Amino acid sequence: MKLATWNVNSLTVRLPHVLDWLVANQPDALCLQETKQEDSKFPYAALKEAGFNAIHNGQRTYNGVAIISPHAINDVQLDLPNFADEQKRIIAATIQGVRVICAYVVNGQALDSDKFQYKLNWLNALHHWVVDELKQHEKLALLGDYNIAPDDRDCHDPVAWEGQVLVSPQEREAFQKLLALGLSDSFRLFSDEAGHYSWWDYRMAAFRRNMGLRIDHILVSDALKPLCLSCQIDKLPRKLERPSDHTPVVLTLANN
DNA sequence: ATGGCCGGGAACCCCGGA
């Protein structure tokens with residue numbers, strides 16, 4: 001089984017990349033973030049033509065999340081049930097017996113911003129909801145754009161980034177609290193190395209210079225952990241014309 | 001690294017992103 005996550009920074013612009021990637025990679029589930037479109041604009045027909053079902057929780061201009069799968073998509077949940085939120089950041093479903101949660105975590109903008117407090121509150125609500133989800137679903141994967149680089153290995157220049165969002169102690173603590181629920185950062189099951197990133201700024205030739213952050217993650221429950229075969233960051237889409245600033249992260253699991 | 005790049009939407013600038 002292959003599970004993936006990709007912040008596409010506008011599905012309207014990135015649909016050709018997504019369709020090409022689906023055909024080439026044939027995932028069992030692809031989670032998208034920042035579709036930036038209302039449900040009425042979501043390309044259900046084009047995906048169906050490529051052999052994929054999809055569910056979407058979208059809004060105009062900002063946010064928006066989706067799950068794409070060739071399989072039946074069951075028991076769909078939109079939004080955090082325990083947090084009143086205008087922003088469309090959560091969609092979840094059960095696919096082939098695995099609970100798949102797609103999350104677009106708040107950016108937070110700056111540590112002294114109201115948006116940062118919203119980020120911490122949102123992460124706290126996510127934490128409590130995942131506790132409930134784990135009680136109901138032994139096999140669970142939490143995929144998405146976390147907007148958190150878990151430690152200094154996940155940041156190209158920790159000194160330059162000190163005091164910024166995405167690397168702060170508060171955000172990293174929230175990430176560790178998710179792991180403490182019995183979740184594992186699947187990428188770290190296979191590599192302890194620094195320098196592997198999933199996002200690079202559009203400016204300053206950051207991708208070419210590998211000045212990035214690892215902020216897109218696939219967390220897996222204890223029941224899935226022994227099934228993990230590989231977790232890889234696919235840098236190919238970041239090299240295309242008009243790329244998203246994020247690139248896909250892909251987890252391969254044994255079937256049982 | 002923080003001006004520099006993107007995308008969206010409303011108007012050719014501003015906001016938000018990371």
Side-chain angles (χ1 to χ4, degrees), chain A residues 5-18 31-43 56-66 85-90 102-123 126 143-172 174-175 187 194-218 233 235 237-249:
Chain A
T5 182
W6 190 3
N7 179 325
V8 291
N9 186 21
S10 170
L11 185 56
T12 307
V13 175
R14 231 65 67 193
L15 181 60
H17 291 186
V18 172
C31 296
L32 302 182
Q33 302 85 39
E34 289 208 84
T35 58
K36 296 187 177 179
Q37 58 193 187
E38 291 175 338
D39 292 338
S40 62
K41 301 274 177 69
F42 187 82
H56 182 229
N57 186 21
Q59 65 186 98
R60 201 181 72 152
T61 311
Y62 303 115
N63 310 308
V65 283
D85 195 1
E86 298 295 307
Q87 304 190 15
K88 302 302 187 186
R89 297 180 173 279
I90 288 284
C102 172
Y104 175 44
V105 177
V106 178
N107 173 290
Q109 201 165 62
L111 297 189
D112 59 359
S113 161
D114 290 344
K115 291 173 183 172
F116 187 70
Q117 200 54 53
Y118 165 54
K119 180 176 194 171
L120 296 180
N121 293 340
W122 193 95
L123 283 164
L126 175 69
L143 306 91
D145 177 358
Y146 284 67
N147 273 317
I148 301 171
D151 65 59
D152 282 353
R153 292 173 298 175
D154 305 310
C155 175
H156 70 96
D157 189 344
V159 173
W161 275 84
E162 197 168 353
Q164 309 284 329
V165 289
L166 318 196
V167 301
S168 74
Q170 298 99 306
E171 293 161 271
R172 287 176 168 176
F175 188 83
F187 182 81
H196 295 281
Y197 309 127
S198 63
W199 169 87
W200 301 262
D201 200 306
Y202 283 120
R203 296 169 291 185
M204 304 183 69
F207 180 64
R208 182 178 55 75
R209 298 158 72 189
N210 200 30
M211 297 165 62
L213 300 174
R214 192 175 69 92
I215 54 177
D216 301 271
H217 308 297
I218 303 177
I233 298 169
K235 291 168 81 167
R238 190 63 177 77
K239 301 176 181 177
L240 300 171
E241 290 294 317
R242 274 190 103 181
S244 171
D245 44 356
H246 298 250
T247 211
V249 180

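No experiment lies behind these values; they were computed from the predicted model shown. Within every chain, numbering begins at 1; the chains are lettered A, B, ... in the order of the sequence lines, protein sequences first and strands thereafter. For the numbers below, each heavy atom of this structure counts, side chains included, while hydrogens, waters and symmetry mates do not.
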Please name all residues satisfying salt bridge (charged side-chain N to carboxylate O under 4.0 Å, His left out) with [X], sequence neighbours left out, ordered by chain then number.
{"X": "A:Arg172", "result": "A:Asp152"}
{"X": "A:Asp151", "result": "A:Arg153"}
{"X": "A:Asp154", "result": "A:Arg188, A:Arg214"}
{"X": "A:Arg60", "result": "none"}

DNA chain B contacts among residues 150-158 of chain A, heavy-atom distance under 4.0 Å:
A:Asp157

Hey, does A:Asn147 reach any base, or is it just sugar-phosphate, or nothing, if we go heavy atoms under 4.0 Å?
sugar-phosphate

Pairing residues for A:Gln170 by the side-chain contact (heavy atoms from CB on, under 4.5 Å) criterion, not counting sequence neighbours
A:Phe116, A:Leu120, A:Ser168

A:Phe42: ring-ring contact (aromatic ring centres under 6.0 Å, His included) partners, not counting sequence neighbours:
A:Tyr44, A:His56

Quick one: list whatever passes ring-ring contact (aromatic ring centres under 6.0 Å, His included) with A:Tyr146, sequence neighbours left out.
A:Phe175, A:His217

Counting only N and O atoms by type, is there a donor-acceptor contact under 3.5 Å from the side chain of A:Glu171 to the main-chain atoms of A:Leu166?
yes

Per-nt protein contacts along nucleotides 5-10 of chain B (heavy atom under 4.0 Å; B base, S backbone sugar-phosphate only, - none) come out as BSSSSS

To the nearest angstrom, the CG-C1' distance between A:Leu166 and B:dG16 comes to 13 Å

